[in-house]
Amino acid sequence: MLAADRATAGHGARFRPLLWLALLGLIAILVSLALGSVSLTPREMLATLIGEGSSLHHTLVWELRLPRALAAFGTGALLALAGALMQVLLRNPLADPYVLGLSGGASVAALLAMLAGVGTALVSASAFVGALVSTLIVFALAHGSGSWTPARLLLTGIVMASGWGAIITFLLAVSPVEQLPGMLYWLMGDMAYAGSPWPVLCVALLSMVVLVPLGRTLNVLARGGLQAAALGVAVRPLEWTLYLAASLATAMAVTTAGSVGFVGLMVPHMLRLRLGADQRLILPASLLAGGALLTLADTLARSLIAPQQLPVGVITALIGVPSFLYLLHRSRG
Amino acid sequence: MRLHCDALQVDIPGRAPSQPLSLTVEPGSRWGVLGPNGAGKTTLLHTLAGLRPAAAGQVVLGERPLAAWRRRQAAQHLGLVFQERHDDFPATVLETALIGRHPFLHAWQNESAEDAARAHQALDQLGIDHLAERPLATLSGGERQRVSIATVLTQSPDIWLVDEPTNHLDLHHQVEVMGLLDHQARSGRAVVMCLHDLNLAARWCDHLLLLYPDGTACWGPRDDILVTSTLERLYRQPLMTAEIDGVPVFLPRVTAPSSSSLSSSSPSTFSRGKPHDAT
């Protein structure tokens, strides 16, 4: 399809990929409900969904798997969205949600909470605080004596991230051996800690409402801050909005599932290779595709070697790396 | 619509305030801004576009100071072709031309068929409509330059601010682009362009503004400004002149290395060759 048609054919053909991605997301959730240490046949699934079937299946689907699938969907959606936003903010297609050191701050805070032996809820809460503290430090430092540029923000973030990395290594080195597996799972990203799915889903929905109207403006911003300003974009407030939205989305995701890698970098990038760079399409598409990807990855993580569970970050990397390299190789761009 | 500088002083970090500029760019006029590297041509253009605050004085767009305009409203009248560009982020040629319509659309609005037609027409005028679907990253420097001009043509502003319109362009495309800007002026728009080529200025501009490295400036109708001795002082470079088809042509007079008697400061601060903005 020509971009000319895409730009002018109104809402039909242009946004059709979103329908397919929504369908993919729905299938991912259904698969996630059916598969696991006890797998359901399609007939059993149908029975359970319409309120019949055994009570074991009922508990399994409605109380265990559905909240976790929705939490995975919301987390993946937020990570992919945050990645897409960071890539526009920094005008760098290689940025990811963690590039500014946000996951490092969250990880250090979460590991400290684990060392202190507090419960899951407090680990999540301190991860959230750590993420926000890291965001503020990076932004304040990059702001410096007035002007901040994407390059300066990126550099500050990368240096902060390596600082956090050193502290994480230090914490792992001094932690008691019996706590290490839990810590490593958290660092790789693990849906087992996810509580209620509603916070991530609500933030995902809210970001959509705030950000989709900005799509065309983001296309202009992608051509550079001065170019955008010359075309009437209020660049500074827009960049603040992007930074805050991406940070909040990442903080919510990290709080729910630990630092799941690759989703935020790969999903927007793969979508751009297939769908072009129009942010009006890429932002909602990232949300849907990121959600579907993490839901499927989590299903695999808990069923591949069931009853043993893998950290979901391992699966996203194992699926993501080869498919990303394949797409990149084929695009020759 | 006219653009007026009211005792405008451009803010160049680390330099004494420049001489106040008081001049009016009338509709239909073609201003050339000349000066050696680092004299502040680009900074002046960005100040005229409202992208940088002035050190003193003000820019007046139409009847109101530029600072009093809403940015989006001002962008409907002022277009800027940048010299440097940021192409790390992917986009197609058509998408890039279409951002010129941004100031005219509301947040929820998508580009209409008419906007797309304008963009195609602009690309066609620059001879690159066949590249409409190509990613920017695959273009040559000259093709990319023509996309930038097509973007402002799609924007269709009353006042064109153009930073080095002929960058990366071969001779044929230089003439095409200068002809296009000339046509814009003839249809009642105003053009202000930074140029590093004296001969393009002599050929295509009707007013000139000379910016000296020490912050002084002089401006006026072309024939008053285009005096060999003035230009030699501007570039600290001896010149030869000739006249071809009634248009003056200037060439650098290459002399022995020690002869830069016109230079008041260290010779290392300027290049003795053809004035050329490396980009």
Side-chain angles (χ1 to χ4, degrees), chain A residues 1-11 14-15 84 87-95 147 149-151 211-238 268-269 272-273 275-282 331-333, chain B residues 45-46 49-52 69-82 84-117 119-120 129 132-138 148 151-152 155 157 161:
Chain A
M1 183 174 54
L2 291 174
D5 301 330
R6 244 188 278 138
T8 56
H11 310 287
R14 186 169 161 217
F15 291 106
Q87 289 164 8
V88 182
L89 176 66
L90 301 170
R91 261 78 86 189
N92 186 335
L94 293 180
S147 72
T149 58
L211 294 170
V212 164
L214 292 178
R216 212 188 66 244
T217 312
L218 295 187
N219 289 340
V220 181
L221 184 65
R223 299 271 64 80
L226 276 178
Q227 171 74 77
L231 287 169
V233 176
V235 171
R236 189 54 57 82
L238 179 64
H269 209 108
R272 273 200 302 271
L273 290 176
L275 304 178
D278 189 338
Q279 300 295 329
R280 286 168 286 188
L281 187 55
I282 290 299
S331 76
R332 299 177 301 134
Chain B
L45 216 57
H46 288 191
L51 301 179
R52 302 172 62 95
W69 283 75
R70 294 178 68 90
R71 209 179 255 293
R72 201 171 78 93
Q73 304 288 337
Q76 297 178 357
H77 302 286
L78 269 176
L80 175 51
V81 178
F82 286 89
E84 74 283 2
R85 41 192 69 100
H86 305 278
D87 288 347
D88 293 338
F89 214 79
T92 67
V93 168
L94 180 64
E95 285 167 343
T96 307
L98 268 175
I99 65 172
R101 297 309 294 165
H102 182 79
F104 301 91
L105 298 170
H106 291 286
W108 277 103
Q109 229 174 335
N110 287 318
E111 296 90 347
S112 64
E114 191 197 337
D115 292 324
H120 276 296
D129 198 33
E133 298 306 320
R134 285 262 297 271
L136 289 181
T138 64
S148 291
T151 302
V152 176
Q155 184 185 356
L161 305 171

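Keep in mind the model is a prediction, meaning the values are calculated, not measured. Just so it is clear: chains get the letters A, B, ... in the order the sequence lines come, proteins before strands, and each one is counted from 1.
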Counting heavy-atom pairs under 4.5 Å with chain B, which one of [options] comes out on top?
options: A:Gly215, A:Pro213, A:Gly224; answer: A:Pro213
options: A:Val233, A:Val235, A:Leu214; answer: A:Val233
options: A:Gly225, A:Ala222, A:Ala234, A:Ala228; answer: A:Ala222

Region of [X] in contact with chain A, defined by heavy-atom distances below 4.5 Å:
X: B:Asp115; result: neither
X: B:Pro135; result: neither
X: B:Leu136; result: side chain
X: B:Ala91; result: both
X: B:His106; result: backbone
X: B:Ala49; result: neither

Query raised in the report: Would you call A:Asn92 and B:Asp88 a side-chain contact if the rule is heavy atoms closer than 4.5 Å?
Result: no

Heavy-atom pair with the smallest gap, counting every atom of [X] and [Y]:
X: B:Ala75; Y: A:Gly232; value: CB-N, 3.6 Å
X: B:Pro90; Y: A:Ala277; value: O-CB, 3.2 Å
X: B:Ile99; Y: A:Leu231; value: O-CD1, 3.5 Å

Query - Under 3.5 Å side-chain donor-acceptor pair for A:Arg216 and B:Asn110 - result: no

Report summary line: Note: vs chain A, highest number of non-hydrogen pairs under 4.5 angstrom among B:Arg70, B:Arg85, B:Gln109 is B:Gln109

Requested in this report: Specify which of B:Leu80, B:Leu105, B:Thr151 makes the most heavy-atom pairs with chain A at under 4.5 Å.
Outcome: B:Leu105

Requested in this report: Please list, chain by chain and in numerical order, all residues satisfying side chain to side chain contact (heavy atoms under 4.5 Å, CB included) with B:Phe104, sequence neighbours excluded.
Outcome: B:Gln76, B:Arg101, B:Gln155

**Report entry** Test side chain to side chain contact (heavy atoms under 4.5 Å, CB included) applied to B:Arg71 - qualifying residues, sequence neighbours left out
**Finding:**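 With sequence neighbours excluded, B:Arg71 shows a side chain to side chain contact (heavy atoms under 4.5 Å, CB included) to A:Ala229, B:Leu51, given in chain and number order.
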
Query raised in the report: About how many Å separate CG of B:Leu98 and CG of A:Asp278, when rounded to the nearest 0.5 Å?
Result: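 A:Asp278 atom CG to B:Leu98 atom CG measures 9.5 Å (nearest 0.5 Å).
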
**Report entry** Nearest-0.5 Å distance that lies between atom NE2 in B:His102 and atom CG in A:Asn219
**Finding:**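 One finds 9.5 Å between NE2 of B:His102 and CG of A:Asn219.
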
Query raised in the report: Judged by atom type as modelled, is there a donor-acceptor pair below 3.5 Å linking the side chain of A:Arg223 to the main-chain atoms of B:Phe89?
Result: yes

